[in-house]
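Here's the structure we're looking at; comments come further down.
What you see is a predicted model, and the numbers here were worked out from it, not measured in a lab. Chain A is the first sequence line, chain B the second, and so forth, proteins listed ahead of strands; every chain is numbered from 1. Atom set for the values below is all heavy atoms of this structure, side chains included, hydrogens, waters and symmetry mates excluded.
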Protein chains: 2
Amino acid sequence: MKDCLKLENQLCFPLYAASREVIRKYKPFLDEINLTYTQYIAMMVLWDMKEINVKELGNKLYLDSGTLTPLLKTLESKGYISRSRSSSDERNLMICLTSEGSKLSEKASLIPAKIGKCICLSDEEAMTLYNILYKILGNGE
Amino acid sequence: MKDCLKLENQLCFPLYAASREVIRKYKPFLDEINLTYTQYIAMMVLWDMKEINVKELGNKLYLDSGTLTPLLKTLESKGYISRSRSSSDERNLMICLTSEGSKLSEKASLIPAKIGKCICLSDEEAMTLYNILYKILGNGE
DNA sequence: TACAATTTAATTGTACACAATTTAATTAAT
DNA sequence: ATTAATTAAATTGTGTACAATTAAATTGTA
């Protein structure tokens with residue numbers, strides 16, 4: 001069998017596996033605030049922006065409406081966001097943070113430090129990883 | 001809003017996003033051999049091992065039977081693998097490569113080079129990334 | 001040897017991902 | 001101003017992920 005097909009010679013596989021392992025580490029902390037990982041990163045955008053439409057949110061998260069529509073309905077049912085059409089362009093669905101959703105950031109702000117303790121990379125490794133990952137993300141544009 | 005909750009200050013997010021972006025780059029090539037990405041990495045293990053049980057396969061891929069059972073049934077229906085209980089221990093389901101599945105590696109072996117052209121990292125960056133990702137994967141053990 | 005504990009897959013249920021299509025609203029072109 | 005093209009979100013359908021439970025086989029132990 002060709003070496004290029006061995007799992008240990010792939011870059012894609014540890015990328016995929018490490019991504020899932022890190023998300024798995026978030027789970028116990030996210031359970032405490034009743035969010036999934038994808039809901040958490042959507043909330044991160046909202047904590048920052050307060051208001052955004054689905055298209056823009058999708059651009060930031062690399063997700064489309066097929067994923068976001070049900071996810072945002074769930075966040076609405078949890079009381080963290082509101083969903084309403086833009087009056088200036090009815091095609092746009094505006095997502096707004098509720099006060100309940102805003103309040104959630106207090107508890108959430110404790111999570112990054114907790115995760116840092118679980119990952120165990122040096123500051124330099126973390127920075128290097130960050131830069132290479134964004135280089136990969138930049139490739140497609 | 002606290003900076004630690006900004007999306008651009010997370011390491012987990014570019015990891016998650018880059019993983020999906022890379023898998024997305026595989027799609028047109030994997031479509032040609034009628035495999036999804038997860039099916040592809042499962043086949044990689046089989047091209048290497050010829051025979052393996054579900055538990056071991058799950059250990060290698062960081063996946064459990066909830067994901068693998070339906071995936072392996074699909075690969076069986078495509079004729080690439082066979083599924084049969086081990087005679088020495090009926091709890092174990094042995095996955096074996098069929099000749100059809102083995103033949104598939106010829107076409108598949110062309111994919112890594114094609115992907116390499118899409119990712120555009122230097123050899124050094126690729127090696128650095130690989131090592132850091134496996135360091136993350138090693139953390140949990 | 002019984003029987004409790006463990007192990008392996010399968011199953012069930014929830015939540016993404018994402019391609020492809022549909023629907024409604026807006027914009028562009030005639 | 002109509003109609004064609006475009007855009008945004010929702011919908012549909014397939015395939016993962018993964019927690020939790022179940023069922024069957026095996027192993028350990030009194």
Side-chain angles (χ1 to χ4, degrees), chain A residues 12-13 16-28 30-31 34-43 52-78 81-95 140, chain B residues 12-13 16-28 30-31 34-43 52-78 81-95 140:
Chain A
C12 62
F13 173 68
Y16 159 80
S19 170
R20 288 188 300 113
E21 285 296 297
V22 170
I23 289 171
R24 198 176 319 222
K25 289 187 201 298
Y26 275 87
K27 182 155 198 317
L30 291 176
D31 281 349
N34 189 31
L35 290 178
T36 64
Y37 179 75
T38 316
Q39 289 164 14
Y40 173 63
I41 58 173
M43 289 302 294
I52 193 171
N53 68 35
V54 174
K55 176 80 174 175
E56 277 296 302
L57 180 61
N59 287 343
K60 285 179 182 294
L61 300 180
Y62 299 82
L63 291 171
D64 68 9
S65 66
T67 301
L68 289 175
T69 295
L71 183 145
L72 293 170
K73 285 179 178 174
T74 302
L75 286 178
E76 184 183 41
S77 76
K78 289 179 179 176
I81 64 163
S82 64
R83 298 163 67 250
S84 58
R85 293 283 165 180
S86 163
S87 54
S88 64
D89 186 338
E90 294 274 343
R91 289 172 303 182
N92 290 295
L93 185 74
M94 302 308 299
I95 309 301
Chain B
C12 62
F13 173 68
Y16 159 80
S19 170
R20 288 189 298 115
E21 284 297 297
V22 169
I23 288 171
R24 192 170 316 191
K25 289 187 201 298
Y26 275 86
K27 185 158 196 315
L30 291 176
D31 281 350
N34 190 31
L35 289 179
T36 65
Y37 178 75
T38 316
Q39 289 164 13
Y40 173 63
I41 58 173
M43 289 302 295
I52 194 171
N53 67 35
V54 173
K55 176 79 174 176
E56 277 296 302
L57 180 61
N59 287 343
K60 285 179 182 295
L61 300 180
Y62 300 80
L63 291 170
D64 67 10
S65 66
T67 301
L68 289 175
T69 295
L71 183 145
L72 293 169
K73 285 179 178 173
T74 302
L75 286 176
E76 184 182 42
S77 75
K78 289 179 180 177
I81 64 164
S82 64
R83 298 163 67 249
S84 59
R85 293 283 165 180
S86 162
S87 54
S88 65
D89 186 341
E90 295 273 343
R91 289 172 304 183
N92 289 295
L93 186 74
M94 302 308 300
I95 309 300

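- Within the nucleic acid shown, A/Leu71 comes within 4.0 Å of sugar-phosphate atoms alone, with no base atom in reach, counting heavy atoms only.
- Across the protein-nucleic acid pair, A/Asn92 atom CG and C/dA25 atom C1' stand 10 Å apart, rounded to whole Å.
- Of the residues near DNA chain C, A/Gln39 and B/Lys27, the one whose nearest nucleotide (by heavy atom distance) lies more toward the 5' end is A/Gln39.
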Step-by-step side-chain contact (heavy atoms from CB on, under 4.5 Å) determination, B/Asp31 to B/Lys27:
CA-CA 6 Å; B/Asp31 281 350; B/Lys27 185 158 196 315; 2.9 Å; yes

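- A donor-acceptor pair shorter than 3.5 Å cannot be found between the side chains of A/Thr38 and A/Thr36.
- In this model, the phosphate group of C/dA10 is approached by a side-chain N or O of B/Arg85 to a distance below 4.0 Å at OP1 or OP2.
- When rounded to the nearest whole Å, the span between CZ of A/Arg83 and P of D/dA9 equals 10 Å.
- Between B/Tyr16 and C/dA17, a side-chain N or O to OP1/OP2 separation shorter than 4.0 Å is present.
- Rounded to a whole Å, the CG atom of A/Leu63 is 19 Å from the P atom of D/dT16.
- Along DNA chain D, the nucleotide nearest A/Val54 and the nucleotide nearest B/Gly66 are compared for position; the residue whose nucleotide lies closer to the 5' end is A/Val54.
- In this structure, B/Glu56 places its CD atom 14 Å from P of C/dT7, rounding to the nearest Å.
- Rounded to whole angstrom, the span from the CG atom of B/Leu93 across to the C1' atom of C/dA10 amounts to 10 Å.
- Counting heavy-atom neighbours within 6.0 Å of A/Lys55 NZ, excluding the residue itself, gives a total of 12 or less.
- Each of C/dT11, D/dA9, C/dT7 was ranked by its minimum atom distance to the side chain of B/Lys73; first place goes to C/dT11.
- The shortest distance between side-chain heavy atoms of A/Arg20 and B/Leu63 falls below 4.5 Å.
- Separating the CD atom of B/Glu90 from the C1' atom of D/dA24 is a distance of 10 Å, rounded to the nearest angstrom.
- Contact annotation: side chain of A/Ser65 to base of D/dA10, donor-acceptor pair present below 3.5 Å.
- Comparing atom distances between the A/Thr69 side chain and each of D/dA9, D/dA24, C/dA9 picks out D/dA9 as nearest.
- Per the geometry, CE belonging to A/Met94 stands 17 Å off P belonging to C/dA25, to the nearest Å.
- Taking every side-chain heavy atom of A/Thr67 into account, C/dC16 is the closest of C/dC16, C/dT26, D/dT11.
- Note: CG (B/Asn59) to P (C/dT8) measures 9 Å, nearest angstrom.
- Below 30°, between 30° and 60°, or above 60°: for B/Tyr26 and B/Tyr40 the angle between ring planes is between 30° and 60°, a tilted geometry.
- Where the helix from C/dT1-D/dA30 to C/dT30-D/dA1 starts and where it ends, the local axes point in directions that differ by 10°; five pairs per end, rounded to 10°.
- Each of B/Thr36 and B/Asp64 was matched to the nucleotide of DNA chain D holding its nearest heavy atom; the match closer to the 5' end belongs to B/Thr36.
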The test is side-chain contact (heavy atoms from CB on, under 4.5 Å); show your working for A/Leu57 and A/Val54 and say whether it passes.
CA-CA 5 Å; A/Leu57 180 61; A/Val54 174; 5.6 Å; no

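- Note on A/Thr38: a side-chain N or O is less than 4.0 Å away from OP1 or OP2 of C/dA17.
- Under the 4.5 Å side-chain criterion, counting only non-hydrogen atoms from C-beta, A/Arg83 is in contact with A/Ile95.
- You'll find the side chain of B/Ser19 reaches within 4.5 Å of the side chain of B/Ile23, heavy atoms only.
- Residue B/Arg24 places its side chain closer to C/dC18 than to any other of D/dT6, C/dC18, D/dT11.
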